[in-house]
Amino acid sequence: MNPRNGTYRVLIVGGGIAGLAAAIALSRRGDDVVVAELNTDWSVAGWGLSLTGPALRALDTLGLADVCAENGFGVSTVTNGDSAGETTGTIDMPRLLGPDRPAQAGLSRAVLHRILREEALARDVVLRTGVTVDRLVQSGDAVDVLLSDGSRRSADLVVGADGIRSRTRDLLGIPHELQYTGQMVWRAIVPRPSWATTLCTFAGPVHSGGLIPISRTQAYAFLTEDGVPPAPLPDDELANRMRELMSGFTGRVVAVREAITDPETVVRRPVQTCLVDGPWHRGRTVLIGDAAHAPSPQLVSGAALAIEDAVVLAEELHDGDDVEIALTAFGKRRLERSRLVVGASVRVAELVRDGHHAEAHQLQQRCHQALAEPA
Ligand SMILES: Cc1cc2nc3c(=O)[nH]c(=O)nc-3n(C[C@H](O)[C@H](O)[C@H](O)COP(=O)(O)OP(=O)(O)OC[C@H]3O[C@@H](n4cnc5c(N)ncnc54)[C@H](O)[C@@H]3O)c2cc1C
């Protein structure tokens with residue numbers, strides 16, 4: 001049952017996009033929220049992120065869509081191009097927040113995290129760093145939590161928002177499988193060329209890529225590299241390697257390639273996916289975000305799913321008075337949508353790998369149309 005006049009003591013494990021969004025959504029409803037983040041500070045790698053329409057819509061529920069778009073760069077059109085960056089087709093993206101607001105926004109990941117963190121703090125969320133959860137024991141209507149600093153606390157709800165390698169998921173013994181698509185995704189922040197006012201994709205002779213504006217002055221270049229083992233590269237080789245991978249691009253893409261020089265703004269990550277195909281909760285501990293479902297970045301929808309999870313979780317918890325019924329209802333609302341996105345993202349990755357770019361764009365578009373439906 002609902003313990004204290006409709007408000008809960010909540011411990012969120014992980015202060016990424018899902019964890020901070022959940023902290024905001026729950027604290028807006030009066031819950032008493034603590035976030036335990038493993039990293040010892042709040043720095044995030046210097047790369048860009050695209051917030052799609054569903055992500056902006058979910059952020060709007062938290063009152064944050066406009067501040068994100070204003071601190072980033074709104075785009076409403078996809079411009080597909082060839083290896084010289086010459087346009088081969090355009091797609092208008094649905095504007096889920098109405099005709100006067102952009103369909104999606106690109107922004108720096110660090111800026112998004114800062115916006116979320118500031119909003120959480122303004123709502124009296126307690127943000128703790130350098131700490132994780134070591135043990136979770138369901139005890140009656142509460143969860144007894146042992147934190148890695150040796151302290152204990154009792155929570156009415158624990159939210160595992162600790163990413164694709166979730167420790168919370170392991171502590172709960174929830175089965176899952178990480179799948180590697182055989183691809184690496186690359187991101188690099190570059191000065192924004194004046195022509196980059198839309199989400200631009202480039203179908204290269206070997207690798208596909210693109211460019212997304214994240215502010216008036218910056219954009220991020222992205223690239224997918226196929227058929228590589230998931231081994232790391234030294235940081236000081238990243239910029240050179242990304243330029244090498246873009247050597248088949250010509251025309252106006254050359255200037256983008258040549259601007260990739262600062263290794264601190266280049267990121268290379270293996271494309272891994274994961275879907276927990278069953279209940280996402282045990283007792284009063286629930287998984288959200290990448291801990292429950294991690295699509296490949298090619299579908300640019302991981303953040304949307306994570307923020308939607310936060311909003312839907314808060315709705316379900318506060319629409320009823322039984323936590324476990326609410327968590328079951330939450331999982332039912334989220335599983336099929338997540339399955340669609342993770343499945344489509346794997347297929348898009350395969351199509352890109354096999355050079356079927358037009359088919360990949362069509363599938364991406366169908367998936368984004370499905371996600372335009374309310375969460
Ligand atoms: C290269 C790349 C590019 C991407 N681009 C996009 C994009 O443009 N648009 C988009 O929508 N999605 C994108 N994604 C996906 C998106 O980043 C993820 O879906 C999203 O970050 C998931 O948020 P999360 O909070 O669930 O997980 P994370 O962002 O992974 O956050 C998890 C948090 O938990 C913390 N943590 C981990 N373990 C513990 C622990 N044991 N205890 C406490 N804290 C812990 C971590 O430090 C982190 O702060 C991209 C992914 C990659 C890899």
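Computed from a prediction, not measured in an experiment: that's the story for all the values here. For ligands, and for the atoms within them, numbers begin at 1 and follow the listed sequence.
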Answer with side chain, backbone, both or neither: which part of P295 has a heavy atom less than 4.0 angstrom from an atom of ligand 1? neither

What is the closest protein heavy atom to atom 7 (C) of ligand 1, and at what distance does it sit? L49 CD1, 3.4 Å

Geometry only, no angles: is V133 polar-contacting ligand 1 at N/O separations under 3.5 Å? no

Is it the case that over 12 heavy atoms from other parts of the model lie below 6.0 angstrom from the CZ atom of R153? no

E37, R269, M184, R109: member with heavy atom nearest to atom 14 (N) of ligand 1: R109

Step through the shown structure and confirm whether more than 12 heavy atoms of other residues, nucleotides or ligands are within 6.0 Å of CZ on R114. yes

Among non-hydrogen protein atoms, atom 25 (O) of ligand 1 lies closest to A18 N, 2.9 Å

NZ/NE/NH1/NH2 to OD/OE distance under 4.0 Å, D144 and R152: no

Ligand 1 versus R165, non-hydrogen atoms closer than 4.0 Å: side chain, backbone, both, neither? neither

Apply the side chain to side chain contact (heavy atoms under 4.5 Å, CB included) test between V271 and each candidate in R353, Q298, M184, E225; give the one that qualifies. Q298

Would you say CG of D134 has more than 12 non-hydrogen atoms from neighbouring residues, nucleotides or ligands within 6.0 angstrom? yes

Between the candidates A306, G302, G160, which shows the shortest non-hydrogen contact distance to atom 15 (C) of ligand 1? G302

A student checking ligand 1 against G289 at a 4.0 Å heavy-atom cut-off should list atoms 26 (O)

Judged by atom type as modelled, is there a donor-acceptor pair below 3.5 Å linking the side chain of D31 to the main-chain atoms of S27? no

Identify which one of L157, V125, V33 satisfies the side chain to side chain contact (heavy atoms under 4.5 Å, CB included) criterion when paired with I12. V33

Cationic N near anionic O, under 4.0 Å, R95 to D100: no

Could you list the atoms of ligand 1 found under 4.0 angstrom from a heavy atom of V185? 1 (C)

Contact check, W42 vs ligand 1, heavy-atom distance below 4.0 Å: no

List ligand 1 atoms under 4.0 Å from V13, heavy atoms only on the residue side. 42 (N), 43 (C)

From the candidates S148, G130, G16, A310, the one that places a heavy atom nearest atom 31 (O) of ligand 1: G16

Could you check atom 34 (O) of ligand 1 against the protein and tell me its nearest heavy-atom contact, residue, atom and distance included? G14 CA, 3.3 Å

Proximity to ligand 1 by part of A55, non-hydrogen separation under 4.0 Å: neither

Indicate, with yes or no, if the rings of Y8 and H318 have centres closer together than 6.0 Å. yes

How far is atom 32 (C) of ligand 1 from its nearest protein heavy atom, and which residue and atom is that? A161 O, 3.6 Å

At less than 4.0 angstrom from any non-hydrogen atom of R187, what atoms of ligand 1 do you find? 3 (C), 4 (C), 5 (N)

Below 4.0 Å from any atom of ligand 1, is there a heavy atom belonging to W47? yes

Before accepting this row, confirm whether a basic side-chain N of the pair R9/D32 lies closer than 4.0 Å to the acidic partner's carboxylate O. no

Is there a continuous path of hydrophobic side-chain contacts, each under 4.5 Å between heavy atoms, that joins L11 to I174? yes

Answer yes or no: is there a donor N or O on one side and an acceptor on the other, between the side chain of E308 and the main chain of A58, under 3.5 Å? no

Would you say T198 and T79 are linked by a side-chain donor-acceptor pair, where the criterion is simply a distance under 3.5 Å? yes

Ligand 1 contacted by V267 (non-hydrogen, < 4.0 Å): no

Would you mind telling me if ligand 1 is within reach of the side chain of A291, the backbone, both or neither, using heavy atoms under 4.0 Å? neither

Would you please indicate if the ring centroids of H293 and W280 are separated by under 6.0 Å? yes

The answer for which part of Y220 has a heavy atom under 4.0 Å from ligand 1 is side chain

Between R29 and E315, does any NZ, NE, NH1 or NH2 come within less than 4.0 Å of an OD or OE carboxylate oxygen? no

Note: ligand 1 atoms sitting under 4.0 Å from heavy atoms of N39 are 47 (O)

Of the protein's non-hydrogen atoms, which lies at the shortest distance from atom 39 (C) of ligand 1, and what is that distance? D162 CB, 3.5 Å

Are any of the side-chain nitrogens in R333 or E316 under 4.0 Å away from the carboxylate oxygens of its partner? yes

Can any side-chain N or O of D354 pair as donor or acceptor with the backbone N or O of H356 at less than 3.5 Å? no

Looking at ligand 1, does any of its N/O atoms fall within less than 3.5 Å of an N/O of D290? yes

Numbered atoms and elements of ligand 1 in range of S50, under 4.0 angstrom, heavy atoms: 7 (C), 8 (O), 9 (N), 10 (C), 11 (O)

For ligand 1, which atoms have a heavy atom of R167 less than 4.0 angstrom away? 41 (N)

Heavy-atom distances under 4.0 Å decide this one: backbone, side chain, both or neither, for I17 against ligand 1? both

Between R169 and D162, is the closest basic N to carboxylate O distance under 4.0 Å? no

A36 heavy atoms within 4.0 Å reach ligand 1 at atoms 43 (C), 44 (N)

Heavy atom of the protein closest to atom 30 (O) of ligand 1 (residue, atom name, distance): G163 CA, 3.8 Å

Which option wins on minimum heavy-atom distance to atom 53 (C) of ligand 1: P297, A303, S301, A292? P297

Distance to 0.1 Å, residue and atom name: give those for the protein heavy atom nearest to atom 41 (N) of ligand 1. T132 OG1, 3.0 Å

Please list the nearest protein heavy atom to atom 44 (N) of ligand 1 with its residue and the distance rounded to 0.1 Å. L38 N, 3.1 Å

